[in-house]
Every structure is written in structure tokens, then in C-alpha cells.
Amino acid sequence: MRPLRGLLLFKLGAWVGMMAAAAFARSAVRSHGDEESDELSLVAVFDGITLTSRARAFTGGSMLAWFGGIDVDLREVELGPDAQLSLYTLFGGINIKTPPDWRLDSELKAVAGGVDTRTSSQDPDAPLLNLKGTALLGGISVGAKARTKEAPPTADTSARDGGG
């Protein structure tokens, strides 16, 4: 019984320590950048960030999701030369939507997590986005995803016809 109690106390201490470190990081490290910024520095700790960028010479930046999530849409961005994104997750997730004509050079790694990068362009002259980073017990998804059009509202004929 004693070894089990010791193991549980160790796990509890590790969990509390990680939560305290994340809370400290949340107050110490702030996000920078907005929809028009050519460089982003996004930090989501116990939080979520959603951003649609319209930068005219996007050079990249960094993103950290720690017990949080980041969702960035880059489909309206003009990519600058040597653009690079550094992406890191710890118990969090990052989702980045890119235009279908971009190429992605990925050096992303996953440790007990997942990484998904998709591009449809094989054109060597297509804009190139370099990706570096790690997903630790989290996930990173980067790539071209078709814009989803919202379905038009359907008329409820039962209400007009007296219910049936």
C-alpha cells in the first residue's frame, strides 16, 4: 500500500507542478500580433486563440499551446520570403489552415502526440512555408483545407402548414 501511495503522491506533485508552471508561463509570456501583422507570436496557456490573418508579407513567427488551443487561418495571406513558423504544444493543439497553392517543408515532431501536414502543391515555384517544432502530448495540424460553405437555412414547412 505504501509504494502505491508514494506513486500517487509523486504523480499528483508532478501534475500540480506542471499546472503551476503553466500558470506562471501564462502571466510571463504574452501573445503579439494581429490580423495585419507580418509576424506572429501566439501563446495559448489554459486559453484558446482564433485568428484570421490578412498579412501582406507574412514571415512567420512562433506559436505555443500549453493546455490550450490555437486556430489560425492563413488562406488570405501573401507569404514573404523565407517564412518560418515554430510550433510547440504541450497538452494542447494548433490548427493552421493554408492556401492550397503553398508548399510546406515540415520538420515537425510528435512525442506521444500527433502531427498532420498537408499540401496539394507540387510546384517548385509555389510559396514555401517552413515548419519546425514539437507536439508533446498534443497535436499540430497544418495544411490546405477547403473552405466550407455554410448550408443555406432550410425552411421549416411544418410550422407554416400548421404542424403537419
Side-chain angles (χ1 to χ4, degrees), residues 10-149:
F10 173 77
K11 285 185 175 186
L12 179 63
W15 185 256
V16 168
M18 198 173 345
M19 298 292 268
F24 174 75
R26 181 178 183 170
S27 64
V29 182
R30 299 283 180 204
S31 291
H32 301 286
D34 61 13
E35 291 84 6
E36 303 297 327
S37 298
D38 291 334
E39 187 169 337
L40 298 173
S41 176
L42 302 178
V43 179
V45 180
F46 295 119
D47 199 2
I49 296 174
T50 301
L51 178 75
T52 300
S53 180
R54 292 181 294 280
R56 294 295 133 225
F58 186 74
T59 58
S62 64
M63 297 181 194
L64 168 66
W66 190 354
F67 291 106
I70 299 175
D71 186 21
V72 177
D73 188 341
L74 299 177
R75 292 179 288 187
E76 298 177 27
V77 166
E78 291 178 24
L79 202 57
D82 300 323
Q84 179 176 314
L85 274 175
S86 298
L87 309 172
Y88 299 95
T89 67
L90 177 62
F91 294 104
I94 298 175
N95 180 41
I96 301 174
K97 297 174 191 85
T98 63
D101 61 334
W102 283 11
R103 290 182 301 133
L104 300 175
D105 181 22
S106 175
E107 293 180 25
L108 297 172
K109 300 174 195 97
V111 178
V115 171
D116 179 23
T117 57
R118 287 181 243 164
T119 183
S120 58
S121 179
Q122 302 300 323
D123 180 8
D125 296 326
L128 174 65
L129 178 62
N130 295 296
L131 304 169
K132 296 182 182 201
T134 304
L136 179 61
L137 298 164
I140 299 173
S141 173
V142 182
K145 291 147 180 97
R147 273 193 196 264
T148 57
K149 293 185 179 179

Nearest-0.5 Å distance that lies between atom [atom1] in [X] and atom [atom2] in [Y]:
X	Y	atom1	atom2	result
D71	T50	CG	OG1	5.0 Å
E39	S62	CD	OG	7.5 Å
F91	L137	CZ	CG	4.5 Å
L64	L90	CG	CG	8.0 Å
R118	W102	CZ	CH2	16.0 Å
T117	I140	OG1	CD1	10.0 Å

Which atom of [X] lies closest to which atom of [Y], heavy atoms considered:
X	Y	answer
S31	I49	OG-CD1, 3.6 Å
L104	G143	CD1-CA, 4.0 Å
V72	L42	CG2-CD1, 3.7 Å
E76	T52	OE2-CG2, 4.2 Å
V115	A110	CG2-CB, 3.8 Å
A65	G93	CB-O, 3.6 Å

Do [X] and [Y] have side chains that get closer than 4.5 Å, going by heavy atoms?
X	Y	answer
L87	V142	yes
E35	L51	yes
F58	L40	yes
I96	M63	yes

Is a side-chain donor or acceptor of [X] paired with a backbone partner of [Y] at a separation under 3.5 angstrom?
X	Y	result
T98	A144	yes
D38	A57	yes
R103	D101	no
S106	L108	yes

Inset, instruction - Identify the residue among D34, V77, D73 that makes a side-chain contact (heavy atoms from CB on, under 4.5 Å) with S53. - result: V77
Legend entry - Residue D123 excluded, over 12 heavy atoms near CG under 6.0 Å: yes
